[in-house]
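Let me begin by presenting the structure, written as structure tokens, before commenting on it.
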Number of protein chains: 2
Amino acid sequence: MLTDRYELTMLAAFVRDGRADHPAVFETFARRLPEGRRYGVVAGLGRLLPLLADVRFDADEVAWLLDAGVVDEPTADYLRSFRFTGDVDAYPEGDLYFPGSPVLTVRGTLAESVVLETLVLSVLNHDSAVASAAARMSTAAAGRPLVEMGSRRTHEGAAIASARAAYLAGFASTSNLAAGLRHGVPTTGTAAHAFVLAHASEAAAFASQVASQGVGTTLLVDTYDTEQGIRTAVEVAGPGLGAIRIDSGDLADTAAMARRVLDSLGARDTRIVATSDLDEYVITALADAPIDGYGVGTRLVTGSGHPTASMVYKLVAVGDRPGGPLRPVAKRSHDKISVGGAKRAYRAYEDGVVVREWYRVGDGPDPEPDAVPVQVPVVRAGRVVHEPSLEDVREHCRAAVASLPEPVRVVSGGAPYLTVTEGRWDR
Amino acid sequence: MLTDRYELTMLAAFVRDGRADHPAVFETFARRLPEGRRYGVVAGLGRLLPLLADVRFDADEVAWLLDAGVVDEPTADYLRSFRFTGDVDAYPEGDLYFPGSPVLTVRGTLAESVVLETLVLSVLNHDSAVASAAARMSTAAAGRPLVEMGSRRTHEGAAIASARAAYLAGFASTSNLAAGLRHGVPTTGTAAHAFVLAHASEAAAFASQVASQGVGTTLLVDTYDTEQGIRTAVEVAGPGLGAIRIDSGDLADTAAMARRVLDSLGARDTRIVATSDLDEYVITALADAPIDGYGVGTRLVTGSGHPTASMVYKLVAVGDRPGGPLRPVAKRSHDKISVGGAKRAYRAYEDGVVVREWYRVGDGPDPEPDAVPVQVPVVRAGRVVHEPSLEDVREHCRAAVASLPEPVRVVSGGAPYLTVTEGRWDR
């Protein structure tokens, strides 16, 4: 039921007019990247595929759909036995995408494919927006660990998906426990100001935390006076204290002061973690500050100004009888023209750097010798056939971002590095 | 498990240091509104309260928490029997809030209250961001119906919550079927370009849709040539056609053309629905266009530039023994100072217009005679005692927005209409 009413009313019309079982190809792509972004990161596939393979309409849902007038009895019958039986090819999760990249291709009957639109786009648009922001933050952090801690700034379900997307795009860990349990994302955490306030003194709070978590813990030192908080922290935990967290004030100035104070107290290995409205720009600006790790919340889960990717799901080919040949279709709406026909995407590399991405429509001569296919089979006959571990996805993303030229990876804005169009065989 | 690791490590320290059962009061409030916003709409309470009353940790979760080193055995024991047994007071869902408004107050033990932080904020921050944007769009639409259709642009779970938040803040309906099934939000829909492309001709597609949905349906007319699409629509459906949808081009110009063509064909009652990147600003700019209804997607589910409210959850009072008296606490972090003590909020009205909102901390003389309490009891001893219907919430929101002065309701930006501080008895 994670779908739009019009998917099912279109389905009802297809059932009625006899086209439900005609073959169809739908493609997901973005016409553009968010303003200033030079590349995007595809994310969500590992969440989407199990959901897609499990789409069902149970008796209560079908009864509700009939009662709400969404579908008629023949369509209700169709939904009662619905399962997706088609094929899906996709860009591997963690890979790059650019305007025009055919990131996901669904082949099935018209009826079973049209129903998937909303679910496909919800998952890919959300997770890709977060991963695309996370990849830029990871680049900005230049090896210093990033902790995802934005759960409280987004929907409780989106929070879990955001933690997963951030991790695959280079974050070291998340605060979100459900993401740890469900997806195996490493979880970390510090303490809140409430913890300090709940005790009779800052020293008592620190002592309690160290007793419970050990001296390797991270103490939050800015509830009252930050410099005094640091001194109290080292007094309580000793110079072996794991880390302190700073969550307010001018982070660069405060971190510099903190480093001086920690060093003067012999706590030379105590790390400094900064939080408070960080994003890739602030992290870049803090590059010279003695900060050892960052916690990123709001700006991560909201895609750093771009909370959704603008992927669409478009019919590109359809047949006029069950099992019949496909004909390419494309709309010609003003400013929203699409390109008909199923597309196969390729990239070319020079010295490990991606220099071109293009697609071919339909059959033709063999691809150019330097053409590396991008898409992989992910669903066959309704069964998921592509299940990389999240660690594999994370490594794939790291390698994909590393294949971009260095000036494209950095945070400063610009046009998309590549635009993907029909290439090179027919030109 | 929809919570942050640090909530449970703080809990572990409280269990260890003996403070777990000490009484505490936490408050949720926003220090500021998003740039340019003059008021916010509180939303999410109807989703939050059942979640909050149902917080449990099952055996598998506790085993995972132990295994991951998040909690120790005494804390695992505490979690196995966890249930929230405290009290909650809140601003009614759909009500207004301003900087400083104490929108939700949790009273319970330190342990049971600290665990709720992430869940409370996830739900309220997401839903309030969407409802606050929706209220502005509703004002801009000036009585013309708005359809929420942003499911594909947000996480699949957030999509359902967004549909609910939009409806309570004045939208007429949603495309999201799960929101219809789960929350009773009216669902509506049209058709996608894929539906037109899947048929041999636009006329064949329209005929199929009308055969399935009746002439009252909404035909999407811009797949090829919009003017020709309108002519074909009326030819197929007759002048009794319910509506057409325009999703591309200059919407004002296209709507004007569409109205002329429809009228010339005798389809004077056929409505014109516009979609395509609408928000409160575009809707305001289209006020003079002959558009009868709007579909809003991306900008609604992303809070029209502000995808999260910035509410926080802060400890404001704590006791030093079980059942003991509460002492106010407040942090003094730079730029993030909070005000200690549990707060009761009041408003004053003049001629039905809200003119002041203030709070009182602790006990004191009776409130001023014109003081109208804002908070209501919503949970008592862990049981939900406030369950208005979504229709009631929608009516409450309508009345609340109507209580703002007209210049505050309109879309043009400005400072928050009110800032809520400690008032009036002690000044």
Side-chain angles (χ1 to χ4, degrees), chain A residues 1-6 9-10 12-13 16-17 19 64 68 110 114 118 121-123 125-126 151-159 161 175 177-178 180-181 187 189-191 193-195 197-198 208-209 211-213 222-224 248-249 298 302 307-308 315 318 329 331-336, chain B residues 1-6 9-10 12-13 16-17 19 64 68 110 114 118 121-123 125-126 151-159 161 175 177-178 180-181 187 189-191 193-195 197-198 208-209 211-213 222-224 248-249 298 302 307-308 315 318 329 331-336:
Chain A
M1 293 290 280
L2 300 171
T3 193
D4 285 317
R5 180 173 171 126
Y6 85 167
T9 55
M10 289 191 281
R16 188 185 181 99
D17 72 16
R19 305 185 80 83
W64 183 85
L110 201 42
V114 79
T118 310
L121 293 179
S122 289
V123 174
N125 274 327
H126 175 269
S151 294
R152 63 192 56 195
R153 300 280 178 250
T154 188
H155 179 275
E156 67 277 13
S175 64
L177 288 174
L181 175 61
T187 61
T190 61
H193 294 104
F195 185 78
L197 294 172
S208 170
Q209 186 175 333
S212 175
Q213 308 289 317
D222 71 344
T223 303
Y224 304 111
S248 56
T298 307
T302 58
T308 182
L315 181 68
V318 67
V329 295
K331 65 174 180 166
R332 299 197 295 270
S333 312
H334 186 71
D335 288 342
K336 292 186 178 177
Chain B
M1 292 289 280
L2 301 171
T3 195
D4 285 318
R5 181 174 172 126
Y6 86 167
T9 54
M10 288 191 282
R16 190 185 180 98
D17 72 15
R19 306 184 80 81
W64 183 86
L110 200 42
V114 79
T118 310
L121 293 179
S122 288
V123 174
N125 274 326
H126 175 270
S151 293
R152 64 191 56 193
R153 300 279 177 250
T154 189
H155 179 275
E156 68 277 12
S175 65
L177 288 174
L181 175 61
T187 63
T190 61
H193 295 104
F195 185 77
L197 294 171
S208 170
Q209 187 174 331
S212 176
Q213 306 290 315
D222 71 343
T223 304
Y224 304 111
S248 56
T298 306
T302 57
T308 182
L315 181 67
V318 66
V329 294
K331 65 174 179 165
R332 299 197 294 270
S333 313
H334 185 70
D335 288 341
K336 292 186 177 176

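Reminder, nothing fancy here: chain letters follow the sequence lines and each chain counts from 1. Please read these numbers as outputs of a predicted model, since none were measured by experiment.
- In this structure, Arg153(B) and Thr302(B) have side chains that are not in contact, with every pair of non-hydrogen atoms separated by 4.5 Å or more.
- Heavy-atom pairs under 4.5 Å with chain A were tallied for Thr154(B), Val114(B), Leu181(B); the largest tally goes to Leu181(B).
- Rounding to the nearest 0.5 angstrom, the gap separating the OG1 atom in Thr118(B) from the CZ atom in Arg152(A) is 5.0 Å.
- Comparing Ser122(A), Ala68(A), Ser212(A), Ala194(A) by how many heavy-atom pairs each has under 4.5 Å with chain B, the most go to Ser122(A).
- The structure places NE2 of His155(A) at 9.0 Å from CG of Leu2(B), a figure rounded to the nearest 0.5 Å.
- Chain B forms more heavy-atom pairs under 4.5 Å with one residue of Gly180(A), Gly189(A), Ala161(A) than with any other, namely Gly180(A).
- Each of Leu315(A), Thr308(A), Leu197(A), Val329(A) has some count of heavy-atom pairs under 4.5 Å with chain B, and the biggest count is that of Leu197(A).
- Both the backbone and the side chain of Thr223(B) come within less than 4.5 Å of a heavy atom of chain A.
- No side-chain heavy atom of Thr9(A) sits less than 4.5 Å from a side-chain heavy atom of Gln209(B).
- Side-chain contact check for Val123(B) versus Glu156(A): some heavy-atom pair is nearer than 4.5 Å.
- When the candidates Ala13(B), Ser151(B), Ser175(B), Gly157(B) are compared by the number of heavy-atom contacts under 4.5 Å with chain A, Ser175(B) comes out ahead.
- Contacts between Asn125(B) and chain A at a heavy-atom distance below 4.5 Å involve the side chain alone, from C-beta outward.
- Contact of Thr190(A) with chain B is made through backbone and side chain together, with heavy-atom distances under 4.5 Å.
- Note on Ala191(A), Ala159(A), Gly249(A), Ala12(A): by heavy-atom pairs under 4.5 Å with chain B, the leading option is Ala191(A).
- With rounding to the nearest 0.5 Å, the separation of NZ in Lys331(B) from OG in Ser248(A) is 6.5 Å.
- Note: Leu177(A) leads Leu177(A), Leu110(A), Thr3(A) in heavy-atom pairs under 4.5 Å with chain B.
- The CZ atom of Phe195(B) sits 6.0 Å away from atom CG of Asp17(A), with the distance rounded to the nearest 0.5 Å.
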